[in-house]
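Written below as structure tokens is the structure these notes are about.
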Amino acid sequence: MRSTLIKSALAVAIVVATGAIWVVFVPSSLPVLQRIGVLDLLGVPAQATDAPQQQQRQAGATRVVAAKVQSGALNNRITAIGDGRATRSVTLTADAAGKIVAVNSVSGSFVQEGAQVLALDDEAEKIAVERARIILKNAQDDVDRLSQLSGSGATTAVAVQAAQLELRTAQLGLQDAELMLTQRVVLAPISGWIGLAEVEPGDRIQAQDPITVIADRSEILIDFSVPERVINDLAIGDPVQVVSLASPDRPRPGVISAIDNIVDRASRSLRVQARVENTDDSLRPGMSFQVDLEFVGNALPSVPPLAVQWSSQGSFVWVVRDGKAVRVDAVIRQRNADSVLVEAKVEPGEMVIVEGVQSLRAGAAVEPVPATGAPLDAAAPTAGTSTENL
């Protein structure tokens with residue numbers, strides 16, 4: 001009898017231990033244990049089964065990580081290669097032929113507008129000016145003398161008129177001689193830097209022979225071309241980013257200064273001119289430049305990069321609608337640092353699935369949760385600045 005009681009107590013202990021282990025390690029078994037009375041035997045209250053029952057009710061929905069769709073602006077970036085030139089550039093020439101007697105500005109130096117660059121032999125011109133002055137003085141004396149005689153009737157009006165004509169001719173002769181004398185010096189027409197000049201005192205030059213080039217490079221003008229599709233996005237004064245190919249690590253800001261009015265039929269492009277400051281005088285006319293332009297385009301849906309999936313038909317995203325996963329085709333238009341702008345039939349505020357897409361099927365029930373356990377509003381990504389164009 002005693003042995004039977006011990007065996008019965010041992011059996012009950014084994015059942016209780018087994019039930020306790022089952023409750024601890026298999027929470028989904030609580031409803032079954034409650035129905036057969038094991039929970040009452042173990043002293044577990046009935047309300048402890050609420051959470052497992054809730055999990056059982058949601059067992060049919062796939063838990064996925066989701067984020068809200070945002071709105072971002074499409075940034076269109078254009079890169080072009082252009083040639084630089086000085087804001088003003090003049091080829092210096094002489095107005096007359098002659099022998100050079102002085103070179104007053106050396107190559108590579110800066111000259112102010114109106115400064116004398118070189119001088120030609122002017123002895124003959126000085127003599128011509130002195131002769132013209134003597135002729136002018138004699139003509140003036142004749143006019144004065146005849147004017148006094150005309151009052152007494154000792155001369156005729158015709159003689160006075162002839163003397164005045166000679167005076168006017170002498171004045172013009174002096175002006176012509178002085179003009180020829182001024183042409184014996186070559187002045188700087190603009191302020192700027194003198195280029196290489198292969199002339200020396202004693203050399204003879206002819207009229208209109210090129211002597212050197214004076215360039216005002218305080219600003220550099222860059223000519224480049226852009227595709228015709230961005231014509232309506234261009235405006236004078238728009239900012240550009242300029243990088244010299246000789247110094248790629250030193251980008252410079254610039255602005256659009258001129259826009260052509262004719263599209264090239266062969267290349268379907270439009271010529272544009274940009275202006276960039278050259279205060280440190282490190283840029284030179286003729287250098288090559290990379291010009292970057294950015295345009296803010298239309299607003300597009302912005303989704304996290306992980307939300308974009310791929311198949312044989314192309315890219316798409318999973319959207320949560322009425323608690324179910326809906327596949328929506330999405331064409332990538334721009335990749336940003338932390339988001340992707342897509343062309344898709346989704347609206348800002350809708351939920352896109354970011355994680356847990358491996359086993360999804362169209363129409364499958366889903367339970368969206370944020371990535372960090374925070375509310376879905378806090379888990380929503382934001383649109384960033386464009387770093388790549390597709």
Side-chain angles (χ1 to χ4, degrees), residues 27-28 49-79 229-230 232-233 235 238-239 241 292-390:
S28 60
T49 64
D50 292 344
Q53 289 176 358
Q54 182 68 16
Q55 293 179 358
Q56 184 178 14
R57 287 195 297 269
Q58 296 179 354
T62 303
R63 301 192 71 183
V64 295
V65 177
K68 277 191 176 182
V69 177
Q70 303 292 311
S71 179
L74 179 65
N75 293 329
N76 188 12
R77 183 174 182 178
I78 300 296
T79 299
R229 62 184 176 84
V230 300
N232 294 330
D233 297 324
D238 285 351
Q241 193 78 2
D292 295 326
L293 303 90
E294 290 189 0
F295 310 100
V296 178
N298 298 328
L300 291 177
S302 174
V303 300
L306 293 177
V308 181
Q309 305 298 313
W310 294 88
S311 69
S312 58
Q313 288 78 30
S315 56
F316 65 93
V317 295
W318 289 106
V319 183
V320 179
R321 292 174 179 169
D322 298 330
K324 297 181 179 180
V326 178
R327 173 172 167 164
V328 178
D329 293 336
V331 179
I332 299 176
R333 292 305 183 192
Q334 177 177 297
R335 292 185 183 273
N336 297 327
D338 55 358
S339 64
V340 177
L341 298 185
V342 296
E343 189 174 308
K345 294 182 178 180
V346 296
E347 298 295 333
E350 287 191 295
M351 306 303 301
V352 290
I353 300 174
V354 179
E355 298 180 21
V357 299
Q358 292 79 4
S359 59
L360 283 182
R361 296 293 183 269
V366 294
E367 179 188 352
V369 296
T372 60
L376 284 172
D377 290 341
T382 57
T385 303
S386 173
T387 58
E388 178 183 354
N389 291 307
L390 298 180

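- In terms of heavy atoms, S302 sits closest to G72 at CB-N, 4.1 Å.
- Partners of D292 by salt bridge (Lys or Arg N to Asp or Glu O under 4.0 Å), not counting sequence neighbours, listed by chain and number: R77.
- When all heavy atoms are compared, the tightest approach of R229 to I78 is NH2-CD1, 3.4 Å.
- Identified under the ring-ring contact (aromatic ring centres under 6.0 Å, His included) test for residues 318-341, with sequence neighbours left out: F316-W318.
- With sequence neighbours excluded, the residues that form a side-chain contact (heavy atoms from CB on, under 4.5 Å) with E350 are V69, V319, R321, V346, E347.
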* To do: Go through the steps to decide whether L293 and D238 satisfy the test side-chain contact (heavy atoms from CB on, under 4.5 Å), and finish with yes or no.
  => CA-CA 9 Å; L293 303 90; D238 285 351; over 6 Å; no

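- In this structure the side chain of V352 never reaches within 4.5 angstrom of the side chain of V320, judged on heavy atoms.
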Please tabulate, for the side chains in residues 306-313, all donor-acceptor contacts under 3.5 angstrom to protein atoms that are two or more places apart in sequence or on a different chain.
| unit_1 | atom_1 | unit_2 | atom_2 | d |
| --- | --- | --- | --- | --- |
| Q309 | NE2 | L306 | O | 2.9 |
| S311 | OG | Q313 | N | 3.3 |
| S311 | OG | Q313 | OE1 | 3.3 |
| S311 | OG | G314 | O | 3.3 |
| S311 | OG | R327 | NH2 | 2.7 |

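- Put simply, the side chain of V357 does not reach to within 4.5 Å of the side chain of V64, judged on heavy atoms.
- The shortest distance between side-chain heavy atoms of P304 and D338 does not fall below 4.5 Å.
- Residues meeting the side-chain contact (heavy atoms from CB on, under 4.5 Å) test with D233, sequence neighbours left out: V230, F295.
- When every heavy atom of D329 is checked against every heavy atom of A344, the shortest pair comes out as O-CB, 3.3 Å.
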* Please assess N336 against L341 for the test side-chain contact (heavy atoms from CB on, under 4.5 Å), listing each intermediate value before the final yes or no. => CA-CA 8 Å; N336 297 327; L341 298 185; 4.0 Å; yes

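- Here the CG atom belonging to L300 is positioned 14.0 Å from the CD atom belonging to Q70, to the nearest 0.5 angstrom.
- Remark: I332 CD1 to S315 OG distance equals 5.0 Å, nearest 0.5 Å.
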